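The block underneath contains the structure these notes are about, expressed in structure tokens.
It should be emphasised that the depicted structure is a prediction, and the values quoted were computed from it without experimental measurement. Below, each value reflects all heavy atoms present in this structure, side chains not excepted, and no hydrogens, waters or symmetry copies.
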Amino acid sequence: MKAQDIRKQFLQFFESKQHLIVPSAPIVLKNDPTLMFNNSGMAQFKEFFLGNATPKSSRIADTQKCLRVSGKHNDLEDVGFDTYHHTMFEMLGNWSFGDYFKKEAINWAWELLTEIYKIPKENLYVSVFEGNPAENVPFDQEAWDIWKNLIPEDRIILGNKKDNFWEMGDQGPCGPCSEIHIDLRSEDEKSKVSGKSLVNNDHPQVVEIWNNVFMEFNRKADGSLEKLPAKHVDTGMGFERLCMALQGVTSNYDTDVFTPLIAEVEKITGKKYTPNEVKNIGEEQNKTNIAIRVIVDHVRAVAFAIADGQLPSNTGAGYVIRRILRRAIRYGFTFLDTKEPFIYKLVAVLAEQMGEFFPEIKSQQTLVTNVIREEEASFLRTLDQGLQLLENVVKDTETSEVSGAKAFELYDTFGFPKDLTALILKEKGMSYNEVEFEAELQKQKDRSRAASETSTEDWTILVGGNVETFVGYDEVEKEVKITRYRKIDSKKDGKLYQIVLDATPFYPEGGGQVGDKGKLMTPNQAIEILDTKKENNLILHLTKELPENPEGKFMALVNTKLRGESAANHSATHLLHQGLRHILGTHVEQKGSLVAPNYLRFDFSHFSKVTDEELELIENFVNDRITEQLPLVERREIPFAQAIEEGAMALFGEKYGDNVRAIKFGESMELCGGIHVNNTADIWHFKITSESAVAAGIRRIEAITNQGVKDYFANQESMLKDIKKALKNPQDAIKAVNSLQDENAKLKKQVEALLKDKAKNLKAELIAEIQEINGVKFLAKQVDLNAEGAKDLAYELGNLGKNLFLVLATAEDNKPMLTCYVSKELVAEKNLNAGQIVRELGKFIQGGGGGQPFFATAGGKNVAGIEEALQNAKNFIL
């Protein structure tokens, strides 16, 4: 069976059981502060399990793109070394929200595996929860009784809390689970060792393929369990492992999920991959296999993350994506001898392979390819720099062991992988102190954990049920009651309260727009709302304090000044998007935005710098729409398909429901949940403040509107007044500046001429001071020149004869600079190297530098160190 058919059969089976088939949510989560990535099939349904929203069907099935590379679920370091762990994987799942429970879930799982997929029953084992008396959770007798009617009891295994009790997190819905494991070993191996003894023991051919979770408890902040009001089913089956089982292979990488990618890597690199069935392949081939597995796994994770809107970066989710890609690049660099970018070439194969079911990878193929290619080129340059830095560390190390702190600095500051450090050192008969390295790494982790540590109390429920409504599109003040609240304590923000209201005019952060601020008012008290966010379908109002009487009535008041400025900026992003597509082309797509009261930021796909002329056209386009005074046309609860058919822009990486909200200004129409002005005239004016690159194929425009533009123009006018005043209030300020520049240029030429004369005079003095030491003509002296003058003087002295080793120091504007010249014959015969010399001497002036073997410079910040640097220069020839 082909992978495509296996996926289709799963969905068709559950459709026949009255399940609604829904698309995969994006792999990158934008509106869940508790998760960076979708790490399980249930993540997009959390709000239903928590009772904060009602699903459109009580039975749902899907295949969900998942990524497990951070936090509690982190498989990254296992990937490549075994045959069944992945960063990105598909999780096939069927869900019941208060509908069916254990009987149906277990029976349908068995029916699909044994009757539809025809997996031999004798190859399957199941596990049930053995119970936990300490938490008053009994043995799962019900699941046991269901299974014993389907499978011999000696194939049913009791599992402990670690293996057979599933939890969403430290708090929240949880429950016992029943896993299905498959034994893919040969008959000969099965006769020697029972498969039952290998379950949950990390055997590569005895693996879990399906987990049925029975959600019936809620884990509270104090660790205790309480019954949920309704029982739910949450199942997950690893698609790649299922393909392995059905395609008669013993490795996920030998399925057609991965073989097309592996074939392309073989074609590009000339290296061969050996299937898992081939034994005794040798150490070198094993390293090649691991590298190829890492690359074909990681390119899937990175490509889908970028397609869903997450670009590689140095922070947060972007850093995780960059780290995955760099791991793949490094394995290719070290074990496949790839010194040029090549991973980006795999995107075409991936798009062809998965584009039918996941259209985002096909539609975003060009962007994904360009971003990966640029990241590869950048990191390969980093590896080259790291190799040079490591060489310097080796030279500075007097023993055969490099300090762990130095190795960690290479890893942490320069991104140089620790195992590549180990490999290079091994080739030199050296190593690094791993204990020290791990200690430094642990210190970094502790600092990071301490900075992000948060404790959350349980909700105090004042009003039961899901009663919250958002009224912020129509109202900015509303009489409200608090339905629930809880205290959170974070290292970053200190003690805060999260308050949920029965109705709220406060817009929660989302779609790029920041959350509203404002107040909760009573006759006696004003509680400041610091921010508004959304989590698991609850709108959370953040405050520093609780009202004196949380059960009373309040007036919720939005800060309308900030709201209005955000609205102007948000509407401007829509007009900007339209303008970019009109002027640059319809290839432009939004790739991210930030809408705050004081400015807007808009990221978009485009493959070259936007010229000044184009920026002017874009700015004029937006301002023309403002001048036209276009009214807002807002349509709520319009069917998604209808909105798209009518021309609305939808963003990749966003999760849309069946019904959506469409915002229209003239010909600009987008799906958007944000706050907007009633008329484009309210934007007042639009001004671009910067245009820059974010990543390969992604540009960023920052701009201001309304009050921001008024402040900008006021600042410009004030600056012009100051300039005129400094110029003695000329009639024509521009003419006066041009005149000043001409005068400055003439004076510069005069200064340069004087310095050259000064250098000539110095030249005669310095020739007389040159000493001969061990056959080398040597001079180390501070001179009263600028850096350029010192360079010219060094070359002039060097042209007078052979065997010159010269170090000149300057201190122009209190900035120390060392200039080193070494005659070419000394480079060859005495092994003197100007670049190495200035790196060493630069330490005395608290700086560094480099250059060629015969000429190099070093800058620093400690002028007082010049004398010591010059004194030590002589040591290189003694």
Please check this pair: side chain of [X] against backbone of [Y], looking for a donor-acceptor N/O pair closer than 3.5 Å.
| X | Y | value |
| --- | --- | --- |
| E619 | I688 | yes |
| T469 | A503 | no |
| R661 | G674 | yes |
| R581 | G585 | no |
| Q64 | A25 | yes |

Would you give the length of the straight line joining atom CD1 of I27 to atom CG of D308, rounded to the nearest 0.5 angstrom?
->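 Here the rounded value is 6.5 Å.
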Point-to-point distance, once rounded to the nearest 0.5 Å, from CE of M669 to NZ of K664 =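 Output value for this atom pair is 6.0 Å.
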Apply the test salt bridge (charged side-chain N to carboxylate O under 4.0 Å, His left out) to residues K533 and E509: give CA-CA distance (whole Å), side-chain angles for both, the deciding distance (0.1 Å), then the verdict.
-> CA-CA 5 Å; K533 296 182 179 291; E509 179 183 329; 2.7 Å; yes
So among F101, F48, F49, W166, which one has a ring pair (Phe, Tyr, Trp, His ring centres under 6.0 Å) with H232?
->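 Only one option passes, and that is F49.
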So, Q629 and N679: side-chain donor and acceptor under 3.5 Å apart, yes or no?
->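 Per modelled atom types, Q629 and N679 side chains form no pair under 3.5 Å.
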Between the side chains of E634 and H676, does any donor sit under 3.5 Å from an acceptor?
->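 There is no such pair (donor and acceptor under 3.5 Å, judged by atom type) between the side chains of E634 and H676.
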Any idea which heavy atoms bring [X] and [Y] closest together, and the distance?
| X | Y | result |
| --- | --- | --- |
| L11 | T63 | CD2-N, 4.3 Å |
| F97 | P55 | CD1-CG, 3.7 Å |
| L20 | S57 | CB-CB, 3.8 Å |
| C672 | H570 | SG-NE2, 3.3 Å |
| I618 | G579 | CG1-O, 4.5 Å |
| I583 | E614 | CG2-O, 4.4 Å |

N94 vs R59, side-chain hydrogen bond (donor to acceptor under 3.5 Å, both in side chains): CA-CA, chis, key distance, verdict = CA-CA 7 Å; N94 57 290; R59 297 182 180 188; over 6 Å; no
Under the criterion side-chain hydrogen bond (donor to acceptor under 3.5 Å, both in side chains), which of H587, E589, R699 is the partner of H606?
->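 Testing H606 for a side-chain hydrogen bond (donor to acceptor under 3.5 Å, both in side chains) against H587, E589, R699 leaves exactly one candidate, H587.
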Test: [X] and [Y] ion pair at under 4.0 Å:
| X | Y | value |
| --- | --- | --- |
| R563 | D516 | yes |
| E535 | R486 | yes |
| E528 | K544 | no |
| K65 | E360 | yes |

What pairs with N620 under side-chain contact (heavy atoms from CB on, under 4.5 Å), at least two apart in sequence or on another chain?
->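 E616.
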Please name all residues satisfying salt bridge (charged side-chain N to carboxylate O under 4.0 Å, His left out) with E628, sequence neighbours left out, ordered by chain then number.
->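 Checked E628 against salt bridge (charged side-chain N to carboxylate O under 4.0 Å, His left out); matches are R625.
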Whether F713 and H685 hold their rings parallel, tilted or perpendicular, with breakpoints at 30° and 60° |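 Rings of F713 and H685: tilted, as their planes differ by 30° to 60°.
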Kindly assign one of parallel, tilted or perpendicular to the pair F304 and F358, based on the angle between their ring planes and the thresholds 30° and 60°.
->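 Perpendicular.
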Only one of N706, L600, V709 forms a side chain to side chain contact (heavy atoms under 4.5 Å, CB included) with F686, so which one is it?
->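 Only match with F686 under side chain to side chain contact (heavy atoms under 4.5 Å, CB included): L600.
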Given W95, which of D62, T235, V22 fulfils the side chain to side chain contact (heavy atoms under 4.5 Å, CB included) condition?
->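 Passing option: D62.
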In terms of heavy-atom contacts, does [atom1] of [X] have more than 12 from other residues, nucleotides or ligands at under 6.0 Å?
| X | atom1 | value |
| --- | --- | --- |
| E551 | CD | no |
| K553 | NZ | no |
| K495 | NZ | no |
| E667 | CD | no |

Worked check of side-chain hydrogen bond (donor to acceptor under 3.5 Å, both in side chains) between S224 and D222 | CA-CA 6 Å; S224 64; D222 62 5; 2.6 Å; yes
Check step by step if side-chain hydrogen bond (donor to acceptor under 3.5 Å, both in side chains) holds for N569 and E565.
-> CA-CA 6 Å; N569 283 333; E565 290 167 2; over 6 Å; no
Would you check, one step at a time, whether the test side chain to side chain contact (heavy atoms under 4.5 Å, CB included) holds for I527 with H541?
-> CA-CA 11 Å; I527 304 292; H541 307 77; over 6 Å; no
